[in-house]
There are 2 protein chains.
Amino acid sequence: MRKRILVVEDDQDILSLIEWHLKAEGYQPLIEKDGQRGLDVALREKPDLIVLDLMLPSLDGLEICKVLKKNEATEHIPVIMLTAKGEEIDRIIGFELGADDYMVKPFSPRELLLRIKVVIRRAAGISEKPVIIRYDGLVIDPERHTVTIDEVPLELTITEYNLLFELVKTKGRVLTRDHLLDRVWGYRFEGYHRTVDTHIRRLRQKLGSFAENIETVRGIGYRFKE
Amino acid sequence: MRKRILVVEDDQDILSLIEWHLKAEGYQPLIEKDGQRGLDVALREKPDLIVLDLMLPSLDGLEICKVLKKNEATEHIPVIMLTAKGEEIDRIIGFELGADDYMVKPFSPRELLLRIKVVIRRAAGISEKPVIIRYDGLVIDPERHTVTIDEVPLELTITEYNLLFELVKTKGRVLTRDHLLDRVWGYRFEGYHRTVDTHIRRLRQKLGSFAENIETVRGIGYRFKE
DNA sequence: TCCAATTTGACAATCGTGTGACAAACAAAT
DNA sequence: ATTTGTTTGTCACACGATTGTCAAATTGGA
């Protein structure tokens, strides 16, 4: 059975983006652009999770959250808040009012999807640990944020780390530049496609003997050899 | 069977916060905003633990605690006191009042949850050994609240102590600034997140040869070298 | 061979962290 | 209540690391 996720957000671009990704992941999105109507839908439909923008027309996210948490029928529904940069103060209050997590814009849809998954699991009482990824002598430990080759630590920048993580995580499958830009850089990225190539190069340089594991798929993108 | 925990606290924000976290941890929260009514509930329901704010309308936390400890049916129920900064803490710890532990606001919900767990276990007769953390010549003794390097005591402020404790306790893992703010500064910190950096610097200065054990993870946060 | 795609080297702009200084908040003592 | 010293949070600046971009060189496939 598909989880229903209510998204209340006034920016059409972000909304479409989130909606598309939710569908792609098999969720059933309910969307609203207006605060009051968002609250109405939340109370009527009782979705499995709510993604709430902080700044909304007619009724802001904070108020919606307050009402939901006071209502016995909806208090258990997890809420993820979306906040713009600079709304730091409000984000804390969001937590006090029972928001389960928050994201600061700009964020990548991928990241939001991940948090949604985590929050839903947590709400269901299952907590999960970040997984250590291994590939022969190559070990990526997200908890420590380290990459080692045969126990020898590798010094990667954050972008290189994220890129490698993405590649190894989906090893065997080809990732297009668009995919990588989306997953590693996030939706805000509007630049030069070849940026990916540059980072692949830097990654290969640092990977030493594992460099050849990052295969170029001409005309498509890159793939980590399985 | 779920432990029932009574929370008597007049600040709605704090109350919601605690309530939410208790539920998330699988406890069954009973909540009251008024001192007198809090006492009534305590006497009638006999919860497994009581979290009491010191300053309360109609009847303050101290009085409630006194009454409970005089009553044979409730004297065994552990009490955790919540106090604002600057309030007389000494009187609370006084064994005549019988509070089992206390927390100074602001605190992080995580920290409260930890203490609740400890106090409940202790009440059940399972005593927790105070864990002394060692790392080569660096010794942190939480019970004495002291830090020594090769037997030589280190003069740390409370914030520095907490920060170091948090870092060493989770050594090997990266802690983001947000994470540290949450765990070290508590739930209502609304400030500049680079405050963390400043305290890291002060800590490094005092740590002498151990300074290099606090690693900077660019783009993420800090990590204590394992 | 030729064309399109990728790799490479170079560069400037931007970002993140360390640092010193400062004032507010606090605690202890008078 | 006032003073004194300590602790704490904030900020501006400097500097090196990181990043995105581009053009030229190279590669691979038709």
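In what follows, chains carry the letters A, B, and so on, assigned in the order in which the sequence lines appear, proteins first and then strands, with residues in each chain numbered from 1.
Contact annotation: A:Thr157 reaches the phosphate of D:dT19 (side-chain N/O to OP1 or OP2, under 4.0 Å). Contact annotation: A:Arg194 does not reach the phosphate of D:dC22 (side-chain N/O to OP1 or OP2, under 4.0 Å). In terms of phosphate contacts, B:Arg177 brings a side-chain nitrogen or oxygen within less than 4.0 Å of OP1 or OP2 of C:dT17. Dashed line: the shortest gap from a side-chain N or O of A:Trp185 to OP1 or OP2 of D:dG20 is under 4.0 Å.
Axis angle, first five pairs versus last five pairs of the helix from C:dT1-D:dA30 to C:dT30-D:dA1: 40°, rounded to 10°.
Counting only N and O atoms by type, the side chains of A:Gln12 and A:Ser16 include a donor and acceptor under 3.5 Å apart. A side-chain N or O of A:Thr216 and one of A:Arg204 form a donor-acceptor pair less than 3.5 Å apart.
Taking every heavy atom of residues 207-226 of chain B and every atom of DNA chain D, pairs under 4.0 Å involve B:Arg218, by number.
B:Asp53 places no side-chain N or O within donor-acceptor distance of the main-chain N or O of B:Leu56, the cut-off being under 3.5 Å. In terms of modelled atom types and a separation under 3.5 Å, the side chain of B:Asp150 and the main chain of B:Val152 share no donor-acceptor contact.
Scored by the ring pair (Phe, Tyr, Trp, His ring centres under 6.0 Å) test, B:His179 finds no partners at all (sequence neighbours excluded). For A:Phe224, the ring pair (Phe, Tyr, Trp, His ring centres under 6.0 Å) criterion is met by A:Tyr135, not counting sequence neighbours.
At whole-Å resolution of the value, CG in A:Leu180 and C1' in C:dT6 are 15 Å apart. Rounded to an integer number of Å, the gap from B:Leu203 CG to D:dG9 P is 14 Å. Note: CG (B:Leu163) to P (D:dT7) measures 15 Å, nearest angstrom. Put simply, NE2 on A:His199 is 6 Å from C1' on D:dG20, counting in whole angstrom units. Residue B:Tyr192 contributes atom OH, which lies 13 Å from atom P of D:dG9 at whole-angstrom precision. Here the P atom of nucleotide D:dG20 and the NE2 atom of A:His193 are 13 Å apart, to the nearest Å. One interatomic measurement links the two molecules: CG of B:Asn162 to P of D:dG9, which rounds to 11 Å at whole-angstrom precision.
For A:Leu156 and B:Glu160, each mapped to the nucleotide of DNA chain D holding its nearest heavy atom, the one lying further toward the 5' end belongs to B:Glu160.
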So which protein N/O to nucleotides 8-12 of chain C N/O distances come out below 3.5 Å?
unit_1 : atom_1 : unit_2   : atom_2 : d
C:dG9  : N7     : A:Arg201 : NH1    : 3.1
C:dG9  : N7     : A:Arg201 : NH2    : 3.1
C:dG9  : O6     : A:Arg201 : NH2    : 3.3

message: One pair to check against salt bridge (Lys or Arg N to Asp or Glu O under 4.0 Å): B:Glu226 and B:Lys171. What are the steps and the verdict?
response: CA-CA 6 Å; B:Glu226 195 164 26; B:Lys171 65 170 177 277; 5.7 Å; no
message: Show, in sequence, the C-alpha distance, side-chain angles and deciding distance for B:Thr146 and B:Asp141, and conclude whether the side chain to side chain donor-acceptor pair (under 3.5 Å) test is met.
response: CA-CA 5 Å; B:Thr146 57; B:Asp141 185 338; 4.8 Å; no
query: Run the ring-ring contact (aromatic ring centres under 6.0 Å, His included) check on B:His199 and B:Trp185 step by step: do they pass?
result: CA-CA 11 Å; B:His199 285 273; B:Trp185 276 261; 5.4 Å; yes
field: Chi angles and distances behind the salt bridge (Lys or Arg N to Asp or Glu O under 4.0 Å) call for B:Glu215, B:Arg223
entry: CA-CA 5 Å; B:Glu215 298 175 311; B:Arg223 172 179 52 203; 3.1 Å; yes
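Electrostatic pairing of A:Glu75 and A:Lys69 does not count as a salt bridge here, judged by no charged N lying under 4.0 Å from a carboxylate O.
Here A:Ile200 lies out of heavy-atom contact (under 4.0 Å) with every strand.
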Pair up each side-chain donor or acceptor in residues 158-165 of chain B with any protein partner under 3.5 Å, not counting sequence neighbours, and list the distances.
unit_1   : atom_1 : unit_2   : atom_2 : d
B:Glu160 : OE1    : B:Thr157 : N      : 3.0
B:Glu160 : OE1    : B:Thr157 : OG1    : 3.4
B:Glu160 : OE1    : B:Lys206 : NZ     : 2.8
B:Asn162 : ND2    : B:Ile158 : O      : 3.4

